[in-house]
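A short worksheet on the structure shown next.
Remember, predicted model here, so these are calculated numbers, not experimental data.
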Amino acid sequence: MAQAQSAAPEQLWQIRYLRKDVGVAIVTAIALLLGLLLQQSVTSQTKTFTASDQPFSIAYPAGWVDAESLLDAPLFKVQNPLTESAFKTTLTVDSRELDPAAPPTLQTLLDRRVEQRQVLMGYHFLSNNETTVGGERAMQYDYTYVVQPADEPRRASLPVVVVAREYIVVTKDHVYYITLAAPESEIARNRDRLDAIIQSVRLQ
């Protein structure tokens with residue numbers, strides 16, 4: 001009898017702990033779900049850039065910020081400040097006027113771009129293929145290179161391997177170069193994001 005009496009309180013304690021564990025698990029699951037929904041809501045929000053003197057617009061993640069460009073003056077340039085790297089994931093749009101009477105071919109524009117990019121440290125051509133962007137003919141062009149981010153005092157940064165995907169888009173009087181460059185460790189998670197950005201391009 002004594003053994004039976006001692007076993008009963010132990011079973012009650014186990015049931016009470018089980019209820020607490022289940023409650024904690026449910027609260028944790030709800031918190032994780034709410035966090036995921038909040039993250040998706042934030043990452044799905046976008047802003048739209050519209051050129052003032054050209055029929056061009058593009059949507060990009062709302063959390064990305066303007067990026068300075070010391071060597072050139074692109075039409076548009078933003079970066080993701082939350083990138084876990086000294087080199088931040090960057091979206092750049094360049095624009096050049098074309099002669100409607102003698103427009104260059106996509107292959108010619110690609111060859112010129114490859115020649116320009118060969119000055120980059122550790123440049124390596126990956127692939128290219130024809131596609132369309134905003135209803136216009138385009139060339140997709142993938143390549144990699146290496147950058148040495150600016151060092152900070154007592155916080156030296158290692159070289160970063162960057163993977164870039166560029167779209168060369170031709171209209172009747174302009175060529176646009178839309179480039180997403182990201183650290184190698186970040187490029188996989190940015191592929192879907194880049195697809196959404198490219199699908200948002202409007203050229204009319």
*How long is the gap from CD on E115 to CZ on R112, to the nearest 0.5 Å?*
10.0 Å
*asked:* Are V146 and Y141 linked, directly or through intermediate hydrophobic residues, by side-chain heavy-atom contacts shorter than 4.5 Å (ILVMFWY only)?
replied: no
*Please report the closest heavy-atom contact between K47 and A62, naming both atoms and the distance.*
CE-O, 3.6 Å
Residues 162-182 side chain polar contacts: donor-acceptor under 3.5 Å, at least two apart:
residue : atom : partner : partner atom : Å
R165    : NE   : D142    : OD1          : 3.0
R165    : NE   : D142    : OD2          : 3.3
R165    : NH2  : D142    : OD2          : 2.9
E166    : OE1  : R113    : NE           : 3.4
E166    : OE1  : R113    : NH2          : 3.3
E166    : OE1  : R117    : NH2          : 3.2
E166    : OE1  : T179    : OG1          : 2.5
E166    : OE2  : R113    : NE           : 2.8
Y167    : OH   : Q140    : OE1          : 3.3
T171    : OG1  : H174    : N            : 3.0
T171    : OG1  : H174    : O            : 3.1
Y176    : OH   : Q54     : OE1          : 2.9

*Find out if a path of hydrophobic residues (ILVMFWY) with successive side-chain heavy-atom gaps under 4.5 Å connects L98 to L203.*
no
_E84 atom CD, neighbour heavy-atom count above 12 within 6.0 Å_ = no
_Side-chain heavy atoms nearer than 4.5 Å, only ILVMFWY residues, links allowed to pass through others: does that put L126 and M139 together?_
no
*Does some side-chain heavy atom of P74 sit less than 4.5 Å from a side-chain heavy atom of D94?*
yes
*Answer yes if V147 and I187 sit in the same cluster of Ile, Leu, Val, Met, Phe, Trp and Tyr residues linked by side chain heavy atoms under 4.5 Å apart, and no otherwise.*
no
_Sequence neighbours excluded - ring pair (Phe, Tyr, Trp, His ring centres under 6.0 Å) pairs with any residue from residues 182-204_ = none
*Is the closest side-chain heavy-atom distance between R137 and E130 below 4.5 Å?*
no
_Quick check against the 3.5 Å criterion: does K77 have a side-chain atom that pairs as donor or acceptor with the backbone of A67?_
no
*Atom of T89, atom of P183 and distance for their closest heavy-atom approach*: OG1-CD, 3.7 Å
*Output, in order, the C-alpha distance, side-chain angles, deciding distance and verdict of side-chain contact (heavy atoms from CB on, under 4.5 Å) for T90 and W64.*
CA-CA 9 Å; T90 304; W64 291 21; over 6 Å; no
*I197 side chain reached by P61 side chain, heavy atoms, under 4.5 Å*: yes
*Check step by step if side-chain contact (heavy atoms from CB on, under 4.5 Å) holds for V114 and Y143.*
CA-CA 9 Å; V114 170; Y143 58 96; over 6 Å; no
*asked:* Going by ring pair (Phe, Tyr, Trp, His ring centres under 6.0 Å), name the pairs with one or both residues in residues 74-99, residues two or more places apart or in two chains.
replied: F49-F76, Y60-F76
*Nearest 0.5 Å please: distance from the CG atom of L106 over to the CG atom of N129.*
11.0 Å
*Which value, rounded to the nearest 0.5 Å, describes the distance between I58 atom CD1 and L75 atom CG?*
9.5 Å
*State whether the number of non-hydrogen atoms from other residues, nucleotides or ligands found under 6.0 Å of E184 atom CD is greater than 12.*
no
*Please answer: with hydrophobic residues joined when any side-chain heavy atoms are less than 4.5 Å apart, are F125 and L109 in the same cluster?*
yes
*Establish, from distance only, whether the side-chain atoms of D195 and Q199 form a donor-acceptor pair under 3.5 Å.*
no
*Taking atom CG of L91 and atom CG of N80, what is their separation to the nearest 0.5 Å?*
11.0 Å
